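Notes follow the structure.
Naming: A, B, ... by sequence-line order, numbering from 1 per chain. Atoms considered below: every heavy atom in the structure, side chains included; atoms not considered: hydrogens, waters and symmetry mates. As the structure is a computational prediction, the values presented were derived from the model and not from experiment.
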Amino acid sequence: MIDVKKLWTKRRNAHVTQTLKYFSLMANSGLIVSLILLIVIGSVYYAKLLQALPENFPAVFILTIVFSFWLTKSPIRTLLKEGDLVFLLPVESGMKQYFSKAISSATATGAFLTLFIFTLLWPIVQFFIHDGWKMYVTFGFFLIAAKVFNIYVSWEERRLPYKSHQTNYKIMRFIVNFVYAYLLFNEAYIFLIAIFAIMYVLKNFVFGVFKKQHGYQWEMLLAEEQSLKMKGYRFVNYFTDVPALKQTVHKRPWLNSLASFSFKKKNALSALYMKTFVRSGDYLGLYVRLILIGFLFIYLIPAGWWQLIVVFLFFQMFALQLFTLYTQYRWNVVFMIYPIKQDTRVKAFQNWLRYLLIIQGGFYGLFYGLLSGDWMIAILMPVGAILYSILRLPSMTKKHITLTS
Amino acid sequence: MKLILEVTDLTGGYLPNQPVIHHLDFTVKENEIVGLIGLNGAGKSTTIKHVLGLMEPMSGTSKIDGQTFREEPENYRSQFTYIPEMPILYEELTLWEHLELTAMAYGLEEQTFLTRVRPLLEEFRMDNKIKWFPSQFSKGMKQKVMILCALLVEPKLYIVDEPFVGLDPLGIQSFLEYMVKFRNNGAGVLMSTHILSTAERYCDRFLIMHEGRLVLSGTLEELRVRSGLENATLDEIYLYVARGKVT
């Protein structure tokens, strides 16, 4: 018999260790510095923004909206794994202890984050509603209470077998939360007690009934867990490489023309690389981000020939990141046995990369030209992309191939 | 009949000095379907990897059309297509684009591609799914994509690894009909499978592997004679071999 309590502890510990590891990796990456910078600048502007807000700013309404959404959204990390659908099904009756641990943990996180968000918004409360530590404590307490209620009943809601039914109840919770938050920020405590009564009835006589009618919706719980996990990974991926991140495919039909090649053998792999680039979640996002950050640098640095060096650095960054695509199909047997020569394969990859670099250079050039009016240097940017791809790419590819094979 | 694939004294494996397959000798000729049969771990997939040119033999050769992979890599690989046991698809490509990419990679003319692809899609009832991505396909449909890609090229040699798992009965039937048709037109097929009743009906010759060695080979009649089991089915001969009765 599996000890589900121990199983939870084991998984939670593994999860915490992994999270801490990723945090330390994130702290080591350069981006964290810019994030801190952003927070400092942000808080200065936040203070300024508050003073600039008009007298009749609808603070109560906005706080109500924010918290209605926040309270309704009640994610629960169950730390389920795919194999559980096979191996834990037999102990379904014992899973109550496992899941109650998951709920407690979600409650703790939820309560903490609620207080965190409230603290972020506290200056608005101070400004427009009421100041004083007693207010902070009272509001904080009531918001956390509502969060706990939501997590608890949303767990029962997860027993419903159809997504559409779950959504209906979610809408109901949203309405309750809206009224609750509205009354709270209007400091109408008498009415709040009435809402408490309604919540009690909901908990015991509406959501409480599901337990008797339905079991656990394993597949939905697993899907939720996986999507929450991927969300976490995607966030970390901004700072450092996450190998476990599954690539999501976006169709992006408007970009298909970029990836259309004439029907020739030599174009086969270029077409494949371009389609992968255009449709996979991360490559295109990275490209656009690098172009935008490049714009920022061109904007901040005074005009001059040294801008070419900046642009060159961005070419380098992009090319380095994109080499992962070259290795993406390394273990794909079907790809490996195409009757295509090794140097044709390498050339297809380089041509494709060159194409993207020229577009990147073109964007930088256009932006620089419009900004400074110095079209001479602007023209040199896409030309630089061509030079870069001729002079740098072959040696980079060679190095990459020997490193990875 | 002309030889297409000729494997001579092939020994190979994943670790030096620890071969998984030992001194294999076999051929696939024009106009024949050869069944490669053996227990899990008998060395069928390793054999196939050597034939594909994905693993280097420790000794011996695998020749297609008289050439080894080392001698003429591009030519060697353009002689065959391969249907893997587990479907391998590009997550970013639609069904149509998989077919198009395969046709381009094997150097088909666009016109040839277009005339071949329609009847294939209809036969496997995938003609209304050409814009679908792999994430929308079931396991059987993914297997069909692999089969379509392989059939589209119409090569001299088909290398097929356990094609029936996950495929619906109609799909299996369509696939076998195509195999027979191409065989009659001169192609050779090397097919690894566990479905012995099907193999018995469709394969012209059999290679039975056990613990990395080829223990029996020949037509069903020859197998019966060599094993001394008269009127035995392929099933019975196979079980006899798998229990180690033939050395």
Ring centres of B/Phe124 and B/Phe175 under 6.0 Å apart?
no
Counting heavy-atom pairs closer than 4.5 Å to chain B, which one of A/Lys266, A/Met336, A/Gln342 comes out on top?
A/Met336
A/Lys264, part contacting chain B, at a heavy-atom distance under 4.5 Å
backbone
Is the centre of the B/Tyr178 ring less than 6.0 Å from the centre of the B/Phe182 ring?
yes
For B/Glu56, salt bridge (Lys or Arg N to Asp or Glu O under 4.0 Å) partners two or more places apart
B/Arg70
For chain A, which residues from residues 37-52 of chain B lie under 4.5 Å away (heavy-atom distances)?
B/Leu52
Bottom line for B/Glu109: the part with an atom under 4.5 Å from chain A's heavy atoms is backbone
For A/Phe335, is it the side chain, the backbone, both, or neither that has a heavy atom closer than 4.5 Å to a heavy atom of chain B?
both
Region of B/Phe69 that comes under 4.5 Å of a non-hydrogen atom in chain A:
neither
Salt bridge check, A/Lys341 against B/Glu74: does any charged N sit closer than 4.0 Å to a carboxylate O?
yes
Considering only heavy atoms, which portion of A/Ser262 lies under 4.5 Å from any heavy atom of chain B: side chain, backbone, both, or neither?
backbone
Closest heavy-atom contact between A/Ile76 and A/Ala102?
CG2-O, 4.1 Å
Part of B/Tyr76 within contact of chain A (heavy atom distance under 4.5 Å):
neither
Shorter than 4.5 Å, heavy atoms on both sides: which option in A/Ile340, A/Leu269, A/Thr344 has the most such pairs with chain B?
A/Ile340
Could you tell me whether B/Arg118 and B/Asp127 make a salt bridge, using a distance below 4.0 angstrom between a side-chain N and a carboxylate O?
no
Do NZ/NE/NH1/NH2 and the carboxylate oxygens of A/Lys229 and A/Glu224 come within less than 4.0 Å?
no
Of the listed residues (B/Phe133, B/Tyr90, B/Phe113, B/Tyr82), which shares the most heavy-atom pairs with chain A below a 4.5 Å separation?
B/Tyr90
Show the numbers, then the answer: is there a side chain to side chain contact (heavy atoms under 4.5 Å, CB included) between B/Leu190 and B/Leu207?
CA-CA 10 Å; B/Leu190 178 66; B/Leu207 308 166; 4.1 Å; yes
With a 6.0 Å cut-off on the ring centroids, do A/Trp352 and A/Tyr355 count as close?
no
Distance to the ring centre below 6.0 angstrom and angle to the axis at most 45 degrees; does that hold for B/Arg77 and B/Tyr106?
no
